[in-house]
Amino acid sequence: MNSQGNTPEIVTDEERIQRVLNTGTVTVQVRESMERKLRSGRQLRVKMGFDPSAPDIHIGHAVGMRKLREFQDLGHKIVIIVGDWTAQIGDPSGRSAQRRMLTAEEVQANAQTYLDQFFKVVDDNPEKVEIAWQSSWFGDFDLADVLRLTSKFTVAQMMAREDFRTRFESESPIGIVEFLYPLMQAYDSVAVHADVEMGGTDQTFNLLVGRDIQREMDQKPQDILTVPILAGTDGVQKMSKSLDNYVGVTDEPNDMYGKLMSIPDTALDEYLILAANLPASEIDTLRTSLADGTGHPRDIKDKMAASVVATYHGEAAADGARQAFQRVFQQGQVPDDIEEFSVAYPATIVALLRAVGFAGSNNEARRLVQQGGVRIDGERVEDTDAELTFDTPIVLQAGRRRFARVLPGV
RNA sequence: GGGGGGAUGCCAGAGUGGACAAUUGGGCCUGGCUGUAAACCAGGUGCGUAAGCUUCGGCGGUUCGAAUCCGUCUCCCCCCA
């Protein structure tokens with residue numbers, strides 16, 4: 001978005017700087033150093049890495065992207081590390097589900113998907129972004145290089161990481177390679193001469209190792225900034241695909257909007273800060289009205305949700321999603337883009353439900369009817385066994401959100 | 001190399017010869033209340049209209065009768081070396 005090739009002007013306005021450092025962040029280390037860099041008027045290199053081993057990206061990943069965008073808006077250059085090299089090696093870390101090795105092609109495809117989504121959030125002005133492939137420096141690393149790198153660090157230093165310490169104390173295994181990952185990530189910082197590195201709070205240790213290794217290799221240590229982990233749509237657990245509480249960046253507009261509207265109010269403030277893609281002043285206004293009760297949570301949620309949909313699908317899609325949502329859920333009307341099926345009549349309601357895929361078995365279909373969840377053209381269906389015949393299209397509904405149009409067929 | 005413990009429905013996890021289609025919790029579905037919030041309440045959640053049928057890792061056996069006992073195979077976990 002809005003790319004221009006000219007050299008960016010560095011913003012050193014104190015209020016803007018403080019906002020970047022204070023809003024939607026967890027820690028800034030080292031604070032004084034970071035402030036000094038931002039005030040200096042020099043274009044900083046702000047690094048963030050991503051792991052292309054999983055192609056599914058959700059808006060939790062976008063939290064960091066949005067913060068990167070803020071740095072760009074101050075005129076700085078973001079440096080995206082594509083972790084293609086480590087992704088191809090696999091990660092045998094203590095996670096229960098072992099990460100398998102990926103082929104170069106898979107990694108490449110995943111990375112491309114990621115970058116496509118990435119540029120929907122960040123500025124693609126080449127003066128403000130640089131993509132760095134990790135394999136370009138690790139590809140020809142030899143054993144001597146590895147030893148040189150590992151010699152900079154001790155076991156005691158590694159044990160400072162909480163995860164390692166607790167596993168060591170509980171006598172759970174820690175693979176040697178696991179010690180290498182923080183070092184490799186740290187070396188990335190050396191390779192790209194990072195002034196700042198950003199990451200989720202779970203990355204704190206690795207980010208700090210970057211400082212040590214840079215210092216060891218005669219570079220000025222980067223400052224680090226951590227951003228919170230976004231809660232999922234349940235408002236409690238962190239967003240992840242496996243918990244099915246995520247909003248994927250490639251979700252359909254209506255889906256995306258609906259998921260965002262379903263978050264509990266308790267999570268709304270967090271979503272305003274971390275997910276909503278709105279100007280700072282508007283975020284402030286919305287948060288205030290939410291906090292003091294002058295704004296209706298539903299309306300605030302709508303602005304948040306629409307802004308996210310607009311980010312990935314455009315304003316028109318966001319408007320469309322909002323209207324569809326209002327029509328279906330607030331007014332109980334039928335959505336306009338429902339799937340169509342043809343059915344040969346006469347047919348039982350059970351047969352209809354199965355034909356459109358609302359029920360996987362006859363029992364399930366009957367259950368839906370008995371529980372009052374089935375409607376035809378808005379009229380509740382009471383009888384499980386009736387033979388039905390329609391010579392015009394009908395709208396079949398199961399529960400509140402499943403709709404299908406059934407046409408008379410042969 | 002030696003020893004021990006497991007495998008039950010979407011998940012966790014009871015059940016250890018009949019009353020088990022299988023307790024309970026989570027999830028999910030439906031209804032109610034709503035702002036499709038959340039919370040809460042109620043019901044449901046193998047297949048079959050039904051009679052009934054097929055399930056408790058696989059196969060085989062004992063028994064009138066097995067998720068439960070025996071044999072065997074596959075897979076998982078733990079402890080010792």
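As the structure is a computational prediction, the values presented were derived from the model and not from experiment. To find a chain, count down the sequence lines: A is the first, B the second, and so on, and within it residues start at 1.
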Task: Residue met sooner reading RNA chain B from 5', once A:T266 and A:V350 are mapped to nucleotides - done: A:T266
- [ ] Determine, stepwise, if the pair A:L352 / A:V343 fulfils side chain to side chain contact (heavy atoms under 4.5 Å, CB included).
- [x] CA-CA 7 Å; A:L352 285 182; A:V343 167; 3.5 Å; yes
TODO: Between A:R298 and A:G373, just flag the one whose closest nucleotide in RNA chain B comes earlier from the 5' side.
DONE: A:G373
TODO: For nucleotides B:A12 and B:G57, find the distance between their P atoms and express it as a whole number of Å.
DONE: 14 Å
Task: Atom-to-atom span, CD of A:Q370 to P of B:A50 - whole angstrom - done: 9 Å
Task: Nearest-angstrom distance, C1' atom, B:A81 to B:C10 - done: 41 Å
- [ ] Determine the Euclidean distance between corresponding C1' atoms of B:G5 and B:G9; express it in Å to zero decimal places.
- [x] 23 Å
TODO: Would you mind reading off the distance between A:L260 atom CG and B:A38 atom C1', rounded to a whole angstrom?
DONE: 16 Å
Open item on the list: Could you tell me how far apart A:E387 (CD) and B:U49 (P) are, to the nearest whole angstrom?
Closed with: 13 Å
TODO: For A:S307 and A:N277, test the side chains for any donor-to-acceptor distance below 3.5 angstrom and give the result as yes or no.
DONE: no
- [ ] Have a look at A:R375 and say if it touches a base, only the backbone sugar-phosphate, or nothing, with a 4.0 Å heavy-atom cut-off.
- [x] nothing
Open item on the list: Any base atoms under 4.0 Å from A:R380, or only sugar-phosphate, or nothing? Heavy atoms, all strands.
Closed with: sugar-phosphate
Open item on the list: Considering every strand and a 4.0 Å limit on heavy-atom distances, what is the contact class for A:G258: base, sugar-phosphate, or nothing?
Closed with: base
Open item on the list: Hydrogens and angles aside, do A:D223 and A:Q29 bring a side-chain donor and acceptor to less than 3.5 Å of each other?
Closed with: no
Open item on the list: Would the distance check show the side chain of A:K77 and the main-chain N or O of A:L44 forming a donor-acceptor pair, the cut-off being under 3.5 Å?
Closed with: no
Task: B:C73 versus B:G43 - spacing of their P atoms, nearest Å - done: 49 Å
Task: A:P264, nearest nucleotide to its side chain (from B:G35, B:A38, B:U30) - done: B:A38
Task: side chain to side chain contact (heavy atoms under 4.5 Å, CB included) between A:I78 and A:K128, worked out - done: CA-CA 6 Å; A:I78 61 173; A:K128 290 185 177 181; 6.0 Å; no
- [ ] Measure from the side-chain heavy atoms of A:D265 and tell me the nearest of B:G35, B:C29, B:G31.
- [x] B:G35
Task: Which atom of A:R45 lies closest to which atom of A:V192, heavy atoms considered - done: NE-O, 2.8 Å
TODO: Give the rounded distance in Å between these two atoms: CZ of A:R400 and C1' of B:C28.
DONE: 14 Å
Open item on the list: Between B:C69 and B:U24, how many Å separate the two C1' atoms, rounded to a whole number?
Closed with: 27 Å
Open item on the list: With a 4.5 Å cut-off on side-chain heavy atoms, are A:V209 and A:Q185 touching?
Closed with: no
TODO: Kindly assign one of parallel, tilted or perpendicular to the pair A:H58 and A:Y246, based on the angle between their ring planes and the thresholds 30° and 60°.
DONE: tilted
Open item on the list: Can you give me the dot-bracket string for RNA chain B, 5' to 3', counting Watson-Crick and G-U wobble pairs with both distances under 3.5 Å, using [ ] for crossing pairs and | for partners on another strand?
Closed with: ((((((((.[[[..)..(.....]]]((((((.......))))))((....))...[[[[[..)....]]]]]))))))).
Open item on the list: Between A:L183 and A:F153, does the side chain to side chain contact (heavy atoms under 4.5 Å, CB included) criterion hold? Intermediate values first, please.
Closed with: CA-CA 8 Å; A:L183 293 174; A:F153 225 69; 3.8 Å; yes
Task: Length of the CD-C1' vector between A:E364 and B:G9, whole Å - done: 15 Å
- [ ] Calculate the interatomic distance between A:L368 atom CG and B:U30 atom P; express it in whole Å.
- [x] 7 Å
Open item on the list: Give me the distance, rounded to whole Å, that separates B:G71 from B:G27 when you measure between the C1' atoms they each carry.
Closed with: 38 Å
Open item on the list: Using atom P in both nucleotides, what's the gap between B:C59 and B:U8 to the nearest angstrom?
Closed with: 16 Å
Open item on the list: We want to know whether A:Q108 and A:Q112 form a side-chain donor-acceptor pair, criterion being a heavy-atom distance below 3.5 angstrom.
Closed with: no
TODO: Measure from the side-chain heavy atoms of A:N363 and tell me the nearest of B:U36, B:A50, B:G35.
DONE: B:A50
Open item on the list: Any residue in residues 351-362 of chain A with a heavy atom nearer than 4.0 angstrom to RNA chain B? Just list them by number, or reply none.
Closed with: A:R354, A:S361, A:N362
TODO: Take the protein atom CZ of A:R402 and the nucleotide atom P of B:U36, then report the distance between them rounded to whole Å.
DONE: 19 Å
Open item on the list: In whole Å, measure the gap between the C1' atoms of B:G3 and B:C20 for me.
Closed with: 35 Å
- [ ] Name the nucleic acid region contacted by A:I263, choosing base, sugar-phosphate or nothing; use a 4.0 angstrom heavy-atom cut-off, strictly under.
- [x] sugar-phosphate
Open item on the list: Could you check whether the side chain of A:D299 and the base of B:G35 have a donor-acceptor pair of N or O atoms closer than 3.5 Å, going by distance alone?
Closed with: no
- [ ] Using the six-membered ring wherever Trp is involved, compare the ring planes of A:F325 and A:Y257 and label them parallel, tilted or perpendicular (cut-offs 30° and 60°).
- [x] perpendicular
TODO: Return yes if a side-chain donor-acceptor contact under 3.5 Å exists between A:T226 and A:T27, otherwise no.
DONE: yes
Task: Student check: side-chain heavy atoms of A:D269 and A:L290 closer than 4.5 Å - done: yes
Task: Length of the CG-P vector between A:D383 and B:U49, whole Å - done: 14 Å
- [ ] Answer yes if the side chains of A:K47 and A:S189 hold a donor-acceptor pair under 3.5 Å, and no otherwise.
- [x] yes
Would you tabulate the nitrogen or oxygen pairs shorter than 3.5 Å linking the protein to nucleotides 40-44 of chain B?
unit_1	atom_1	unit_2	atom_2	d
B:G43	N2	A:Q371	OE1	2.9
B:G44	O4'	A:Q371	OE1	3.3

